[in-house]
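What follows is a set of notes on a single structure, which appears directly below.
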Amino acid sequence: MKHFIFFFTFLFVFSACQQNDMVDPTLEQPTKINYSTKNAPFNQKVAKKAEEIAESYDGVPKAISVNTDRKLLLAFQLDHMKRFQLKQKEKTIEKKLKKSFRDYDVTVSSDMKIYWETEKLINKLENLDKREMNKKVENIIQLSREET
Amino acid sequence: MVASFFWAFVIGGLICVIGQIMFDVFHLTPAHTLSTFVVIGAILDGFGLYEPFIDFAGAGATIPITSFGNSLVHGALQEAEKHGLIGVLTGMFEVTSSGISAAIIFGFIGALLFKPKG
Amino acid sequence: MLKGHRTWVFHNQPVIISTATVGGPFEANGRLADDFDLLHEDLWLGEDSYEKAHKVLFEEAFYKAIEKGNIEKEQVEFIISGDLVNQITPSSFAARTFGVPYLGIFGACSTSMEGLALSAFIVNYGGAKYLLTGAASHNTAIEKQFRYPTEYGGQKPPTAQWTVTGAGAALLSNEGKGPAVTSATIGRVVDLGMSDPFNMGGAMAPAAVDTIEAHFRDLNIDADYYDLIVTGDLGKIGRNVALELFEKNGVQMDEEKFQDCGLMIYREGQPVLSGASGAGCSAIVVYGHLLNRMKKGELKRILAVATGALLSPLTFQQNETIPCIAHAVSIEFRG
Amino acid sequence: MANEQRKLQTKIMQEYYQLEKKNETKRPVVQNCLRAFLVGGIICSIGQAIQFFYMYFFHFTQQTAGNPTVATMIFLSMLLTGFGVYDRIAQFGGAGSAVPVTGFGNAVISAAIEHRTEGFVLGVGGNMFKLAGSVILFGTFSAFVVALIKTILIKWGGF
């Protein structure tokens, strides 16, 4: 019995610390925030439009997006119960966006990490110049392409 | 995030319940049970069913041993796409290697550090 | 002298002049802790492998028995012993330490009484003056041998039994004082098709019943003759099955009188599931606890029936059933 | 394996089988399943936590975090096995601790620890995959067959 108590305390403490360590960005900002992207190095109109398109899909509560002059990156979240169709959803949205923005190289991801990174990037858009931003977006796109 | 933990717990738990039923009702040894699970994982991935399952359950689907079969097939198929049939052979351990190498390495370190406690 | 089919009656009354028991840490927490001559805190016994620890159990039991018998090592003429490890190496290695003529025997968990029966026979017919017999088992060495690595997380079903860590040795002589071995019934191999290695008790029960019935038949006695009939390691399940078999076969058997060594060693609450098992189990209980009780006068006549499951991991993996055996030895104390 | 499937040759054997079954302590299946669910669920949740940890603090995506997560779980499994805790968890949790990858790690590590007395080459090296080997064998072989069939179907079957 002693061992079980030890074990469960261990598990509890362990999982508890892990959870506390991670500040959930999506929980902190539950509603849409108007990022001030006016001073962004690239005009974010396309990204805003893409967000709207993605969010018009059923089961997509939230999408965020950035664009450079050539690239468009969109990350979205999906209702948990719809996650079985995650890959299809990703494909449909990507197709739609590619159609809507033919001039852009479109990347769509549903990966949580990509979402977090994109969000971080959007929060500091104002302080970046064009070269830096190109690099950052490129990095995220590379990350999303990584396999295994 | 909360939903991820919830579903990881539930799905992971349910897979283990299936294992327990194989232990207790069908009287299979752990080795038989785990081998069966790995084969099931491989077959499910063959039908393309395991990926959506992982999307949904997260660690609830990647931590049980079934994911081992899934990732073996996955590695093989990835390589096969690039190099044809021979890729089936060469790509097999591409994705799974971390599990096996971790087991080998930590197994050896464990043997260096520990004695069986009984 | 052979009586009936397979029972030896010893008219010259070989006497158990001394016994010794050694136990491990788990046994020290058990119910019979006071009956041990030596208890170990450490499962390793200060050795660097469990097999060596197993050998040490033997050596200590032998030394202690010689010491308590008040004789010199050189006076011991034969050692008859065995255990469960492959090729009974712990037993043979212990015999190497002593340099005494040695007969290694294997009867799985029935080794203890097989040894006692043979020893009594030899002593009875003047084959030896002082003879040592013993059996031992070491929990982790046996687990490693028969089941999984000890740290492996395999859930044991409630039918499983806990292998005893311990050794019991008895020194026999044709003269002296002490409990006498009066008769022994050699068992035959019984296999009723059980194949679950995690349910030894259920497999061994018919062998025990067969031997006990043969003993009664050969000597033309019944259960009333004995104060206690004790089986080796049938465990909870095996004991119940055996009782039911007696009833079915029309053999009268008092439930109080029919006990099991595997159920005596440990306390309630120790995680032993269905009971204890192992070659050391019956050796420890009979040579320690029960002979002590006889010396105190609580018991006059007992019948010790050690049961053994003659399987190996190999035969189990080849889907063989479990052949079982039981040997009965009658010990009487006449003050 | 299973007693039920084996043909019992004689009538005595069949009779005894019935008698023995009646006396046998039943495995507490429901209780075991609940425990397996609990322990398995907790282990998977820890896995999820580690996965988020790798995603949040390192450059891993949800997909790529799987590998370090598995490695970490096996590392934890080594500690628990080495300190003699894992077999106790397993007696409680049954399949709950055997089915997750930690159980695979435990099978490898426990065999390695157990056989170190036979030396590192013949003991540890030779016995490490004593239990887990079958998982690797059947995983690899079934994956080979599945991948082969699928590749052939895609390449020549036009699916």
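Numbered from 1 within each chain, the chains take letters A, B, ... in sequence-line order.
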What are the two closest non-hydrogen atoms of B/Asp55 and A/Arg83, and how far apart are they? O-NE, 2.6 Å
Crowding at CD, A/Glu138 (>12 non-hydrogen neighbours, <6.0 Å): yes
Is the gap between the ring centers of A/His80 and B/Phe56 under 6.0 Å? yes
Over 12 non-hydrogen atoms of neighbours within 6.0 angstrom of NZ in B/Lys117: yes
More than 12 non-hydrogen atoms from neighbouring residues, nucleotides or ligands closer than 6.0 Å to NZ on B/Lys115, yes or no? yes
Rounded to the nearest 0.5 Å, how far does CZ of A/Phe84 lie from CG of B/Leu49? 10.0 Å
Report which part of B/Ser4 has an atom under 4.5 Å of a heavy atom belonging to chain A: side chain, backbone, both, or neither. both
With a 4.5 angstrom heavy-atom cut-off, is it the side chain or the backbone of B/Phe53 that approaches chain A, or both, or neither? both
In this structure, are over 12 heavy atoms from other groups packed under 6.0 Å from A/Lys87 atom NZ? yes
